[in-house]
Amino acid sequence: MFSNWWKFGRDRSTDVDLFSDGSESPAETLSQAIRAAASQEPDADGSLLFGQLRGTVVGLRYYTGVVNRGEMVGLVREPHNPYDKNAVMVTNVLGRQVGHIRKELAAAMAHVMDNNLAKVEGVVYSGTNNSFSMPVTLSFLGSEENRDAVVKHMASRGFKLDADGGGAAGAKGRSFGSPGSSFSFKKGVTIPLTAEELKNAFDNLFEGLMQSKDGEKEAAESVVTPLLPHQKQALSWMCARENEDVLPPFWEKRGDLYYNSLTCFSATEIPERVRGGILADDMGLGKTLTTIALILTNFHQGKPLPVERCVSCHHLTLFCRTGKDGPFSPTKAKKKALEGFKLQGSSSAVISAGVSSHCSAIPKEDVIDAADVVQVEDEPQKSTSKEKHKPTKRKPSKEGPLLLEDLDFAAALSCATSATTPKKKTTEKSKLKQSVEMSVSESTDDLSAKATLIVCPLSVLSNWLDQFKQHLRFNVKVNIYLYYGSERNRSKTFLSSQDVVITTYNVLSTDFGSKSPLHGINWLRVVLDEGHIIRNPNAQMSKAVLELKAQRRWILSGTPIQNSVKDLWMLLAFLRLKPFDVREWWNRVIQRPVIQGDRAGLQNLQNLVKCITLRRTKNSEVNGRRLVSLPKKTVYVEQVELSPEERMEYNLARFEGRRTIGRYVAEGSVLRNYADVLAILMRLRQYCCHPDLIGEITADLATADTPAELRQRLVEKMRLVLASGSDEECSVCLDSIRMPVITHCAHVYCRPCIAQVISSEQKARCPLCRSEIKTSELVEFPPEEEMEDEKSVNSDRWRTSSKVQALMRNLLRQRAEDVNIKCLVVSQFTRFLTVLQTPLRDHGFSFVRLDGTVSQKKRTQIIQEFQSSAADSPKVMLLSLKAGGVGLNLTAASRVFLMDPAWNPATEEQCIDRCHRLGQKRNVVVTKFIVKDSVEENMVKIQKKKQDLVEKAFGSTNTDRKTSRVNDIKALLEM
DNA sequence: ACCGCCGGGTGCC
DNA sequence: ACCGCCGGGTGCC
């Protein structure tokens, strides 16, 4: 990385064609190079401060980067500096070079930095009284094992690392979160956040970010779908973010200067605006429509996108020319896109040939593409500094200080004006190029940019086309090009003349490796759909996305962060939110403080996010009204009577269970034998559904000889409980278990929950039974994919049950009433789903099945099949309660049968919400089957109690929970 | 004068 | 840099 940018900067003067060299990362500017370099560095989490020392930044007068009192500076190794391979460059927050670390110190630091023994951070606490050098306080941070080596090495070169923050007198009294934060690891400044608080804060980070509550904007006339109030608000907000001169977060105007309150950076020039942001509305609130409206409504300076109208054309015109074919219909385009790629290999030649001939006809230097223009803001500050510094005659006067802003630009200019350029170019051409660059650089609004690029996952590509078609007025002609498939038109001229270009993350990153036309275009706007996809900054996809050139950038995402601050960096980097697009500053100012539990850091993060994000959930309200109204939902509970035989069997099992559990209660060992208790309860619950659900869990614990054997059997029981699909609860988070693991003592928890328990204590104990637990002894579930399959239920000797009959009665009645109604049949027990297949087949129901064992690929296929409105599409879906995440969209169904109660009422709710959500056109009817006089009835009572508890905002302690658990169990068996 | 002293040029890495 | 260093100019006072 370092070598790349340096090489770029220096070699540009002799090699103009660098852009065409695919092997080089086309770093555009110095700040990009730094960003790239910084993002390669490992995360600085948990770094220890080894010590600090005072160094000197020299050579200030050669660079225009300014640093103010208290400001942080960047330190970048320059291994290819021709004067000193140990050179360490100093930059300011904006990535402008400030100077170098004095060579003696740089020599010592180089070893530490190159071997990654420590991260070195610099803060300039005091100003300087001259314009040649200034003091800098360097902090060395790293992991404990490197401390000694670093301290010794520095000492051997005569640099003593001062543990007390050598010379950082100016830092005293600084609040955490300001530049002093680097040194505030010393603790005691504030009470750090607990892990739980932190988690909550994250979960809520994106909540309630309703901005501009009053502003509403109507979409341009070409959008035919009327926007809902919240969509008009979003449009208003998005237009404002694109058009208005709002300072980025933490920047404020102080007199004539712009000041960043987090980094203490101030500048005379206005910081680059972030034109865009994150639209993080819940799924279904119409992010796509709002974005389409934005594209149509806000072209340049708030004017709508100029569109052609035709009297006759009756559908959206898509210029999806992929070689031989002319324009074709959206459906065809979609089909093509989706089949795409492999099939059409041969005809791609047509396109590429066309493009290359076009290119070869014109010498490269002559093609002045907007994309090749390097944007440089020209500001008065530079000219003043120029006068002050009295440029020496060594510098060609034409270049001026402007050059020094940006090595790349400098190189480009010096190349253009140099008489000794190896490449033969006439001065005319050079001047032309130069003048174009200059003229563009003067205006902030580049009018040459026209097209919006939408990058999305393949799965929603067709949705975009559909939505454009659906929401645009019929006679409006918008040029949309689907950049996908092997025949895609790679001509930059063609692409940049479109109104909209849609592509996928995959295509973008595939192209990125070689000459990518998408990266050579100056886009008006880039929209990342499902933007959370790019949260891993090391992924090729993410890199490809970061290098796109655009004036406005948007991220659409229903789930902007999954669970960590780290995920956010990528989003901010894409938005080019200065200075956090450089990983180093992000780490220093936000990530590290937040991870270490610093409240100010979290506050900063929250502010940051608030400024650039709009998020509403489907529960959000506008003027006291829901954003979108859903069809009605009615929940019925249908009591099921067991047949006399079933009742007999059930009572027998219940009697046995009560005896066993009664013994545990008497011994006070309920929690120690929890797995057995759960197994007993589960057996009863299974009886309520169907007798054949009961597996071979009869291993008698009483016959276990050794404690080890007992433990083994308990663990085994727990495995079976989980394998049956039962939705168990984690006693740490009190929620349904995610990523279950079984402890040595046969209790089950979410892996992250128990991991936290273990890491937070020296000698970790099981929250339920206080046995000692170790990470190494946790049993993963499922250890191997051995979920039940159809074989285990013998269909030859299939028998019915009261609950099966109850369901079938309902289904048949439903079919008689309206054949088109689709049903979800939900059970926790996958084996029950298998049992249900037989009567469904017998009665001629076409159905699909979705459970946890279905692969992701198959899953989409099944859902598509079910969601289809075709006459022969399946009418019933057998769904395991835990299958699929919250995102699952099953709006084709409007009838839900919950076959068995879950411990956690929220899980049931979630399941119902899969069809009772946006897009649901019918009223939703839910039926819960509950067996009368059974453990199920008692479960419902406990569910209610739990709901109350949640509503009262749980103030229960762990012991409360445990006793209530024992009480629950007693209540379940009416003991 | 193979020195000292003066003062201009110069100065990161 | 209101420094240090270099190297040319200069040379009693």
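- Applying the side chain to side chain contact (heavy atoms under 4.5 Å, CB included) criterion to A/Arg102, with sequence neighbours excluded, gives A/Thr56, A/Val58, A/Glu104.
- The number of heavy-atom neighbours closer than 6.0 Å to NZ of A/Lys253, taken from other residues, nucleotides and ligands shown, is above 12.
- The C1' atoms of C/dA1 and C/dC6 are separated by 15 Å, rounded to the nearest whole Å.
- Annotation: salt bridge (Lys or Arg N to Asp or Glu O under 4.0 Å) contacts of A/Lys85 (sequence neighbours excluded): none.
- In this entry B/dC2 has no Watson-Crick or G-U wobble partner, no candidate having both defining distances under 3.5 Å.
- Base orientation at C/dA1 is anti, since its O4'-C1' glycosidic dihedral falls outside 90° of 0.
- One interatomic measurement links the two molecules: CZ of A/Arg61 to C1' of B/dG11, which rounds to 6 Å at whole-angstrom precision.
- Rounding to the nearest 0.5 Å places CD1 of A/Ile555 at 5.5 Å from CG of A/Leu528.
- A gap of 9 Å separates the C1' atoms of C/dG11 and B/dG4, to the nearest Å.
- Within the 4.0 Å cut-off from OP1 or OP2 of B/dC13, at least one side-chain nitrogen or oxygen of A/Lys103 is found.
- The partner of C/dC12 cannot be assigned: no Watson-Crick or G-U wobble pair with both contacts below 3.5 Å exists in any strand.
- A/Phe132 does not qualify as a stacking partner of the B/dG11 base, lacking a centre-to-centre distance under 5.5 Å together with planes within 30°.
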